[in-house]
Protein chains: 2
Amino acid sequence: MARTQGSHSDITGPRIRSAALKLFAQQGYAAVSVRQIAKEVGVQAGALYNYIPDKQSLLLSLMEGHMREVLAAWEALEKPDDAMGLLESFVRFHIRFHMQRSDEVFIAYMELRNLSDENFATIEALRRAYEDALETVLKQGVEAGQFTLPDTKIATLAVIAMLNGVMTWYRSGGRLSLDEVETVYWDMVRKSVTT
Amino acid sequence: MARTQGSHSDITGPRIRSAALKLFAQQGYAAVSVRQIAKEVGVQAGALYNYIPDKQSLLLSLMEGHMREVLAAWEALEKPDDAMGLLESFVRFHIRFHMQRSDEVFIAYMELRNLSDENFATIEALRRAYEDALETVLKQGVEAGQFTLPDTKIATLAVIAMLNGVMTWYRSGGRLSLDEVETVYWDMVRKSVTT
DNA sequence: AGGCTAACTGAACATTCGTTCAGAAAAAAG
DNA sequence: CTTTTTTCTGAACGAATGTTCAGTTAGCCT
């Protein structure tokens, strides 16, 4: 046997990516074998190499794709222009967007150490760009006298870390709706940056 | 050759644990081989099995040991009895303690998925106990009218996530001293839980 | 109908993995 | 000094790893 029924590049390619995404998030990059990914797709291990140069490139591609999507989504969002409204937009956007892609987020934050130095630098630059988006908002608020912060850089990291925490515990169908969670977090963030 | 000069169970045991700790934190449990740990200790791979039943037990032991130490250290701490003072104590304790053991923390939060179901439950229970310590403080503050929180459970998780964020970026010798960092975070936490 | 090519199989490759164990040597006990 | 015990070596085990590739077939084109 060789080429199987209904096989198609357009289909197999994305399926490899989504299978890898799910498995990497579940078990970690190093713990997932190429054969495991192939099995999930329903194909032999060797077939993957028609789509990826090697395992590490697959990881990089997943991470880089995710980071670029986050940035693009934030850029594309319609935003108010006062700092307070911007910050609320960011908080709600971050929680909503990241909750919809918890696997991608998990990988992007956990598998950095499995990247080569060069690839690491690539991803790190993208993450910094996203952090800068928030810091810009905070700086604007400080200048306008709306926020009181001794250090916008630390505040940026603190807020993002806090928001990322949602993904470690929130499960849809739980006690609170996603909208309620957004509001609770926005409340805490707002208070933490104002006087 | 067999037993080498100066070999001693009392020495090799801890050295295995600390080598494993360092390597697991650096590269992840799944990516570190038993032979790598052995090399770091300066011993052959087989020798490790005089000290551990298997690789997984080593991971569990490291995680469990850490969690118990955190809990014990918090219990042993001398604390004020008003909620505000307690919360400040917790924030400063958490940052200081966890910064001194960043490897342990990293492992305890990242390698949960490499644990068997039973072992996972053990660690999860210990983590919950620590979270409860903070939630108790928050509840006390809410009852006393000092804190304003719609949901102490979420607030607990949000605060811990925020504090844990320090470890992803703080490096000693940087722009701020650990004490200053503590103060900045305490400021944000205090404001986020009060009106 | 027949040929072409894209898509996949299945076997093989050298390495590495976690783990076991008989035996050797150092340290402790007598 | 001799014996016992503790601690480690070195080789071996089968299984699994990432990756390559010649061969086979399904779907498209003419």
Side-chain angles (χ1 to χ4, degrees), chain A residues 1-24 26-63 107 111 113-116 118-119, chain B residues 1-24 26-63 107 111 113-116 118-119:
Chain A
M1 297 142 262
R3 186 171 185 176
T4 55
Q5 260 190 337
S7 67
H8 246 318
S9 181
D10 308 352
I11 294 186
T12 307
R15 293 227 307 164
I16 289 172
R17 293 175 62 84
S18 87
L21 187 71
K22 175 181 145 191
L23 291 170
F24 287 168
Q26 239 162 56
Q27 319 184 37
Y29 171 79
V32 174
S33 71
V34 172
R35 282 173 181 80
Q36 232 176 116
I37 301 172
K39 190 173 186 180
E40 182 86 12
V41 176
V43 102
Q44 291 294 323
L48 298 208
Y49 290 85
N50 291 325
Y51 303 91
I52 56 166
D54 49 50
K55 195 188 171 193
Q56 155 109 203
S57 302
L58 175 55
L59 175 62
L60 173 65
S61 164
L62 289 173
M63 294 174 77
I107 291 172
E111 305 293 355
R113 57 188 170 184
N114 287 304
L115 257 31
S116 68
E118 189 194 339
N119 293 343
Chain B
M1 299 140 260
R3 184 171 184 177
T4 54
Q5 257 191 336
S7 67
H8 245 318
S9 182
D10 310 352
I11 293 185
T12 307
R15 293 227 307 166
I16 289 172
R17 293 175 61 84
S18 89
L21 187 72
K22 175 181 145 192
L23 290 170
F24 286 167
Q26 236 162 58
Q27 320 185 35
Y29 171 78
V32 174
S33 72
V34 171
R35 283 175 180 80
Q36 231 175 119
I37 301 171
K39 190 173 187 181
E40 182 86 12
V41 176
V43 102
Q44 290 294 323
L48 298 208
Y49 290 85
N50 291 325
Y51 302 92
I52 57 166
D54 48 49
K55 195 188 172 193
Q56 156 109 202
S57 302
L58 175 55
L59 175 62
L60 173 66
S61 165
L62 289 173
M63 294 173 76
I107 291 172
E111 304 293 357
R113 56 189 171 183
N114 287 304
L115 257 30
S116 68
E118 190 194 338
N119 293 344

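Numbered from 1 within each chain, the chains take letters A, B, ... in sequence-line order.
A sub-4.0 Å separation between OP1 or OP2 of dC8(C) and a side-chain N or O of Thr12(A) is present. Residue Ser33(B) places at least one side-chain N or O under 4.0 Å from the OP1 or OP2 atom of dC17(C). The shortest distance between the side-chain N/O atoms of Tyr51(B) and the OP1/OP2 oxygens of dC8(D) is below 4.0 Å. Contact check, Gln44(A) against dG10(C): a side-chain N or O comes under 4.0 Å of OP1 or OP2.
One atom, NZ of Lys55(A), and another, C1' of dT20(D), lie 17 Å apart when rounded to the nearest Å. Note: CD1 (Ile37(B)) to P (dC17(C)) measures 11 Å, nearest angstrom. Regarding Ile16(B), its CD1 atom lies at a distance of 8 Å from the P atom of dC8(D), rounded to whole Å. What separates CG of Asn50(B) from P of dA22(C) is a distance of 14 Å, to the nearest Å. The interatomic distance linking Tyr49(B) (OH) with dT7(D) (C1') rounds to 17 Å, in whole Å.
Here the straight-line distance linking atom OG1 of Thr12(B) with atom CD1 of Ile16(B) works out to 6.5 Å at 0.5 Å rounding.
No side-chain heavy atom of Arg15(B) sits less than 4.5 Å from a side-chain heavy atom of Val43(B). The shortest distance between side-chain heavy atoms of Phe24(A) and Ile37(A) falls below 4.5 Å.
When each of Ala45(B) and Ala45(A) is assigned the nucleotide of DNA chain C with its nearest heavy atom, Ala45(A) is the one assigned upstream, toward the 5' end. Between Ala47(A) and Ala30(A), it is Ala30(A) whose nearest contact on DNA chain D lies nearer the 5' terminus.
Summarising the geometry of Ala20(A) relative to Leu62(A), their closest heavy-atom pair is CB-CD1, 4.1 Å, with the distance given to 0.1 Å.
Distances were taken from every side-chain heavy atom of Val43(A) (C-beta onward) to each of dT19(C), dT9(D), dC8(C); the shortest belongs to dC8(C). Closest to the Arg35(A) side chain, of the nucleotides dC8(C), dT19(C), dT17(D), is dT17(D).
Among the protein residues, Val32(B) comes within range of the sugar-phosphate backbone only, with heavy atoms under 4.0 Å from sugar or phosphate atoms but none that close to a base.
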